[in-house]
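Throughout, protein chains are lettered first and strands after them, A, B, ... in sequence-line order, and every chain is numbered starting at 1. Values below: every heavy atom of this structure, side chains too, minus hydrogens, waters and symmetry copies.
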Number of protein chains: 2
Amino acid sequence: MAEKTEAPRRVALSRDRVLRAAVALADGAGIESLSMRRLSDELGVVPMALYKHVANKEELLDGMLDVVVGEIDPPVTGIDWKSAVRQRILSARQALLRHPWASRVLESRSNPTPVLLDYMNSMIGIFRASGFSVSLTHHLMHAIGSRLLGFTQELFDDTRTAEAMPAEVVREMARRYPYVAEIAGAASHDGETVVGPGCDDQFEFEFSLDLLLDGIERLRLRESTSGPRPVER
Amino acid sequence: MAEKTEAPRRVALSRDRVLRAAVALADGAGIESLSMRRLSDELGVVPMALYKHVANKEELLDGMLDVVVGEIDPPVTGIDWKSAVRQRILSARQALLRHPWASRVLESRSNPTPVLLDYMNSMIGIFRASGFSVSLTHHLMHAIGSRLLGFTQELFDDTRTAEAMPAEVVREMARRYPYVAEIAGAASHDGETVVGPGCDDQFEFEFSLDLLLDGIERLRLRESTSGPRPVER
DNA sequence: ACCTGAACACCGTTCAAGT
DNA sequence: ACCTGAACACCGTTCAAGT
């Protein structure tokens, strides 16, 4: 008898294929569209089939993040710590930009996967190998925070805020929140309201990153020219 | 006839009462337990009754955040910008610590509420009133990022990671991720693995905040002693 | 032993029927 | 005009029945 022609002959499922399909689905349709049921549809299998390759949805999300972290370039060796850290973080940022859902999912995780631990470990290693003390390195890791993985938590998206708003609303906004409007690039003069272009995210990211790295460099110089700070713990 | 005694005589619902109950529920049972249905149960009303006070769940979450932001102290006036910013951010941190779900919910919001815009506006105002240029202030706001509201996105929680783990697992972790273990306070010597205390979050927060504020101060001094930087946009 | 359809215990929200 | 029970269109996951 003829087989069903709808799904002509499916390649056997595998954890890898499940994860790839999940990443593709989240990239294309958005993370809110990623459900076990929808994903199984996409793969032409019954929902329960997924549970042979991932224990539950949490593990699926962990696996998806591992795919993204896997796209980050390995650290360049033989250069100064600042360049090495900077380059790697900017590479991480590229990976995160390719998968806009990843930063939000990352934030929702409770325990790091081995892949993420490897990434953190090699990042910390750059500092330690350059002579940073354990405790200073610890503090730095907290200070760099989510930037380590190439993203910053923006409190709100100021790039496209004003675009879709009627001029009247923009004017009212500028009146109630003059400083916000100024920063957002909405210059108000002669009663006329002009909405400037959204800001350059890449520039802002590098500005902030360099502000931190410069501060860190200063701390390292201080640490290496004097004893440990009294504040050490 | 006797009334039902289960819910003796409910106070009329109001937006305020709905929001307070939602905050209390999220505080007590966790944000994952907050559903429209569960919340209506808690208030002794039918789920649909909530929809007269909030348009949908998104608006409920926005309202809950407004409650939290409302707990942040107003800015202290008459002191230098650095102290003013520092104090306000530390006050925001206290509010966020009282409502552990708030930072995560905040990150999921797409558009800021008027209450949040007011907060941002007054924060920006501190910088502008102290002579920071519009563009430098813009960059700073990006650099301070989520710290403005008193939290940092921790990539993973290193305070309680090692506590619940069997000694064997800790030892294996220390072998595979030596730098991470070092930072996490797990010192390995003589084959013995000792797990140190979790780090002091308040110290780490202030360390990072001061690293940024010191960097910002240096930028301001540079800005005020020379013309605008070539990199301005 | 393996696979999976149906079911369970939930969601947020719509809507028509009831008062 | 107001209110709300039932329904809709979903979830993630369990489990027992089928092969």
Side-chain angles (χ1 to χ4, degrees), chain A residues 1 3-4 6-15 17-19 21-26 28-65 101 104-111 113, chain B residues 1 3-4 6-15 17-19 21-26 28-65 101 104-111 113:
Chain A
M1 290 298 132
E3 292 187 13
K4 274 170 108 182
E6 183 85 24
R9 189 68 183 91
R10 285 288 173 189
V11 186
L13 266 197
S14 68
R15 187 167 209 272
R17 226 165 73 79
V18 169
L19 295 183
V23 168
L25 179 56
I31 191 69
E32 72 284 354
S33 301
L34 180 84
S35 69
M36 300 299 272
R37 292 164 121 102
R38 171 88 187 265
L39 177 59
S40 66
D41 266 9
E42 216 81 20
L43 285 161
V45 299
V46 86
M48 278 309 294
L50 301 177
Y51 286 80
K52 253 228 290 272
H53 301 99
V54 290
N56 47 41
K57 195 179 181 182
E58 297 289 285
E59 200 184 293
L60 175 74
L61 292 171
D62 278 341
M64 291 169 68
L65 287 178
W101 46 270
R104 210 192 308 263
V105 172
L106 197 55
E107 287 159 12
S108 73
R109 251 51 320 263
S110 47
N111 289 311
T113 63
Chain B
M1 293 296 130
E3 292 187 15
K4 275 170 109 178
E6 182 84 24
R9 189 68 185 90
R10 284 289 174 191
V11 186
L13 267 197
S14 67
R15 188 167 210 273
R17 226 165 74 79
V18 169
L19 296 183
V23 168
L25 180 57
I31 190 70
E32 72 284 354
S33 301
L34 180 83
S35 70
M36 299 299 272
R37 292 163 121 103
R38 171 87 188 265
L39 177 58
S40 66
D41 266 8
E42 216 80 21
L43 286 161
V45 299
V46 86
M48 278 310 294
L50 300 177
Y51 286 81
K52 253 226 291 273
H53 301 99
V54 290
N56 47 41
K57 194 179 182 182
E58 297 289 285
E59 201 183 292
L60 175 74
L61 292 171
D62 277 342
M64 292 168 68
L65 288 178
W101 46 270
R104 207 189 315 260
V105 172
L106 197 56
E107 287 159 13
S108 73
R109 255 46 324 261
S110 46
N111 289 312
T113 64

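Put simply, CG on A/Leu60 is 9 Å from P on D/dG12, counting in whole angstrom units. Residue A/Ile31 contributes atom CD1, which lies 13 Å from atom P of D/dC11 at whole-angstrom precision. C/dT13 atom P lies 11 Å from atom CD of B/Glu59, rounded to whole Å. The nearest whole Å value for the distance from the CE atom in B/Met36 to the P atom in D/dT4 is 15 Å. Rounded to an integer number of Å, the gap from NZ of A/Lys52 to P of D/dT14 is 16 Å. With rounding to whole Å, A/Tyr51 atom OH is found 18 Å from C/dC2 atom C1'. The CD atom of A/Glu32 sits 20 Å away from the P atom of D/dA9 (whole-angstrom rounding). In this structure, the CG atom of A/Leu50 is 11 Å from the P atom of C/dT4, given to the nearest Å.
For A/Arg37, the side-chain atoms get nearest to D/dT13 when compared with the rest of D/dT4, D/dT13, C/dT13. In this structure, of D/dC3, D/dT4, D/dG12, it is D/dT4 that holds the atom nearest to the side chain of B/Met48. Minimum atom distance to the side chain of A/Val46 is reached by C/dT4, of the listed C/dT4, D/dC3, C/dT13. Listed nucleotides: D/dT13, C/dG5, C/dG12. Nearest to the side chain of A/Lys57: D/dT13. Nearest nucleotide to the side chain of B/Arg38, out of C/dC11, C/dC3, D/dT13: C/dC11.
Comparing D/dG12 with C/dT14, their C1' atoms sit 23 Å apart, to the nearest whole Å.
The side-chain heavy atoms of A/Tyr51 and A/Leu60, taken from C-beta on, include no pair separated by under 4.5 Å. Counting only heavy atoms from C-beta outward, the side chains of A/Arg109 and A/Glu58 approach each other to under 4.5 Å. Side-chain contact between B/Leu13 and B/Lys52 is absent, with no heavy atoms from C-beta onward closer than 4.5 Å.
Across all strands shown, C/dT13 forms a Watson-Crick or G-U wobble pair, both distances under 3.5 Å, with D/dA7. Pairing partner, C/dG18: D/dC2, with both Watson-Crick or wobble hydrogen-bond distances short of 3.5 Å.
A salt bridge does not link A/Glu32 to A/Arg104: none of the charged side-chain nitrogens sits closer than 4.0 Å to a carboxylate oxygen.
The main-chain N or O of B/Leu25 is never found under 3.5 Å from a side-chain atom of B/Arg38 such that the two would form a donor-acceptor pair.
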